[in-house]
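Okay, structure first, notes after.
Residue numbering restarts at 1 for every chain, and letters A, B, ... go by the order of the sequence lines.
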There are 2 protein chains.
Amino acid sequence: MDGGGVPRRIRADAERSTARILEAAEAVLADDPAASLERIADAAGLARVTVHRRFSSRTALLDALAAQLNERYLQALGEARVDTAPPLVALQRLTEIVFELKLTHRFAVGLFAALTPEVLDRLDQLFVRLREAGAITAADPAWGRRVYLALLHEVHELPADSPTLAPSAPRTRSRRRSTCSCAPCSARWAAPATRSGRSPASVPNR
Amino acid sequence: MDGGGVPRRIRADAERSTARILEAAEAVLADDPAASLERIADAAGLARVTVHRRFSSRTALLDALAAQLNERYLQALGEARVDTAPPLVALQRLTEIVFELKLTHRFAVGLFAALTPEVLDRLDQLFVRLREAGAITAADPAWGRRVYLALLHEVHELPADSPTLAPSAPRTRSRRRSTCSCAPCSARWAAPATRSGRSPASVPNR
DNA sequence: CCATAGTGATACTCAGATGTATCAGTTATA
DNA sequence: TATAACTGATACATCTGAGTATCACTATGG
């Protein structure tokens, strides 16, 4: 399936465009998952047509975002040496990195089934080791992983002025789109295709 | 602002329609938050025009869903006697009800800022009482509330065959839209207005 | 039973988004 | 420098959904 077609070398400057698009997409979509490709292109400082050239479809772009997140996760798992370091040490290292990931990949992080089985498995393995070490008691490692990620998520959703946390890291809490914190406003959940408001939120009040 | 307009009595008939629409909307939107009003109307067994007659706009419909959720929450808080019962007892009662709410109001539950300050305050008060009773140590009741809801949410997101839970309640886990569990498929996140796939998810893998 | 509220069917308008095509100009790189 | 890749601008075609209006029909409830 590689076909012996023409190599069609990719210019360095095109790769930069791709990177800028991905970056802009993450930023814009984190703020409004229903944002149009045009807004993403604007944020990237490129024309909409260029986005279409780099990504055959909107879906392809979103897939790329998910793939990027998984790469970062694998990188984080490697850096934290989750397979070899003492589990509690690994957990702390991982936490710092994942926390950062949740800030920088707010959109991708909210994608359904964003994480590949490989990433999930490696996370689960850490919880297996935590259990073996007696650090946790939960029988099911997947459950441990879910709770872990859920709690991290809640922390990262906390308002900046929360008395509970006094984070050292810079917290650029843009609180989604500022115009849409109110119930009626935010309720304009992903209005499929109209002039009416848009903007949703992945993990809200509940 | 009530204007002395014509009373325009509302027929019982119409109220039933409204209820059916809300019910259908919750079901359809839980499966696909970007679903069109047409699909909702279909699910309700009504014409799309009727939906527009009952709710002036899509936004109005979503607002109604949020309002309904808040009503249910207030009702739950009342039934659990969170203000008077021993806090741990209240917590358990509340948990059962909220757990049910998360199943029956999967969409509204995912709306950003769905819960009114009133509901949040009353929930927080319970955590204040829990702390006073020594049941928990968290300083910030809002944080307790968030963790509580987040964990409940994770439980309700667990796959039906999880070894961790052996729930007594019937668990109709439709796993969102069955066609869209895979990454590429689910990545078709709220494509604003095209023939390409749709369907997102409010609280996914992370 | 009858005035009236409610409904479905149909046909619109309007806006926004995706995706394609073309072409002229610009930039990287061998 | 010259080829090929990349880009922006522009113009389209197409689709989908929201929202409105009209009219004939049905069901409610006093």
Side-chain angles (χ1 to χ4, degrees), chain A residues 5-22 24-25 28-29 32-64 184 187-200, chain B residues 5-22 24-25 28-29 32-65 187-200:
Chain A
V6 182
R8 189 177 181 77
R9 49 178 240 272
I10 296 147
R11 241 161 65 175
D13 92 351
E15 301 227 62
R16 237 178 308 148
S17 288
T18 303
R20 288 176 66 183
I21 292 170
L22 286 174
V28 171
L29 294 175
D32 174 9
S36 67
L37 295 185
E38 178 125 44
R39 281 181 53 196
I40 294 172
D42 283 350
L46 297 169
R48 183 173 66 91
V49 199
T50 301
V51 175
H52 276 108
R53 262 191 288 253
R54 299 285 120 213
F55 300 94
S56 60
S57 70
R58 180 189 181 87
T59 299
L61 171 57
L62 301 183
D63 287 348
R188 280 169 200 113
W189 216 106
T194 176
R195 49 217 163 279
S196 63
R198 48 183 56 75
S199 142
Chain B
V6 180
R8 190 179 182 75
R9 51 180 242 270
I10 296 149
R11 240 161 64 176
D13 197 354
E15 300 228 63
R16 234 177 310 149
S17 288
T18 302
R20 289 176 66 183
I21 293 170
L22 286 173
V28 171
L29 293 175
D32 174 11
S36 67
L37 295 185
E38 177 127 46
R39 281 182 53 197
I40 294 173
D42 283 351
L46 297 170
R48 183 172 66 91
V49 200
T50 300
V51 175
H52 276 109
R53 261 192 288 253
R54 299 284 120 215
F55 299 94
S56 60
S57 70
R58 180 191 181 87
T59 299
L61 172 57
L62 300 183
D63 287 348
L65 284 177
R188 280 170 202 111
W189 216 105
T194 173
R195 50 223 163 275
S196 63
R198 45 185 55 79
S199 142

Q: Check the distance between C/dA17's P and A/Asp42's CG and give it to me in whole angstrom.
A: 11 Å
Q) Nearest nucleotide by nearest heavy atom, which residue falls closer to the 5' end of DNA chain D, B/Glu38 or B/Asp13? A) B/Glu38
Q: Return the nearest nucleotide to the side chain of A/Arg9; candidates are D/dT7, D/dA18, C/dT29.
A: C/dT29
Q: Examine C/dG8: is either OP1 or OP2 under 4.0 Å from a nitrogen or oxygen in the side chain of B/Thr50? Give yes or no.
A: yes
Q | Protein-nucleotide distance (B/His52, atom NE2; C/dT7, atom P), rounded to Å | A | 14 Å
Q) Could you state the CD-C1' distance from B/Glu15 to C/dT7, rounded to the nearest angstrom? A) 16 Å
Q | Selected nucleotide, minimal atom distance to B/Arg54 side chain, candidates C/dG6, D/dC6, C/dG8 | A | C/dG6
Q. Are any non-hydrogen side-chain atoms of A/Phe55 and A/Leu22 less than 4.5 angstrom apart?
A. yes
Q. Separation of A/Phe55 atom CZ from C/dA17 atom P, in whole Å?
A. 20 Å
Q) Is there a donor-acceptor pair closer than 3.5 Å between any side-chain N or O of A/Thr18 and the backbone N or O of A/Ala14? A) yes
**Q.** Euclidean distance, atom CZ of residue A/Arg39 to atom P of C/dG16 [Å, nearest integer]
**A.** 13 Å
Q | Distance-minimising heavy-atom pair for B/Leu61 and B/Leu37 | A | CD2-CD2, 4.0 Å
(Q) I need the minimum non-hydrogen distance between A/Ile40 and A/Ile21, along with the two atoms involved. (A) CG2-O, 4.1 Å
Q. A/Leu46 side chain: which of C/dT20, C/dG6, D/dT7 is closest?
A. D/dT7
Q) Atom CD1 of A/Ile10 and atom P of C/dT29: how far apart are they, to the nearest Å? A) 12 Å
Q) Which nucleotide sits closest to the side chain of A/Ala14: D/dT28, D/dC6, D/dA18? A) D/dC6
**Q.** Closest to the B/Arg11 side chain, choosing from C/dT7, C/dA17, D/dG29
**A.** D/dG29
Q) A/Val49 side chain: which of D/dA18, D/dA9, C/dT4 is closest? A) D/dA9
**Q.** Integer-rounded Å distance: C/dA5 P and B/Arg16 CZ
**A.** 18 Å
Q) Which sits closer to the 5' end of DNA chain D, B/Ser57 or B/Ala12, going by the nucleotide each is nearest to? A) B/Ser57
(Q) At less than 4.0 Å, is any side-chain N or O atom of B/Ser36 found next to OP1 or OP2 of D/dT16? Yes or no. (A) no
**Q.** Rounded distance (Å) that lies between atom C1' of C/dT18 and atom CZ of A/Arg48
**A.** 7 Å
Q.
If you define the side chain from C-beta out and look only at heavy atoms, does anything of A/Val28 sit under 4.5 Å from A/Asp42?
A. no
Q. Under 3.5 Å, is there an N or O donor on one side and an acceptor on the other linking the side chain of A/Arg53 and the base of D/dG8?
A. yes
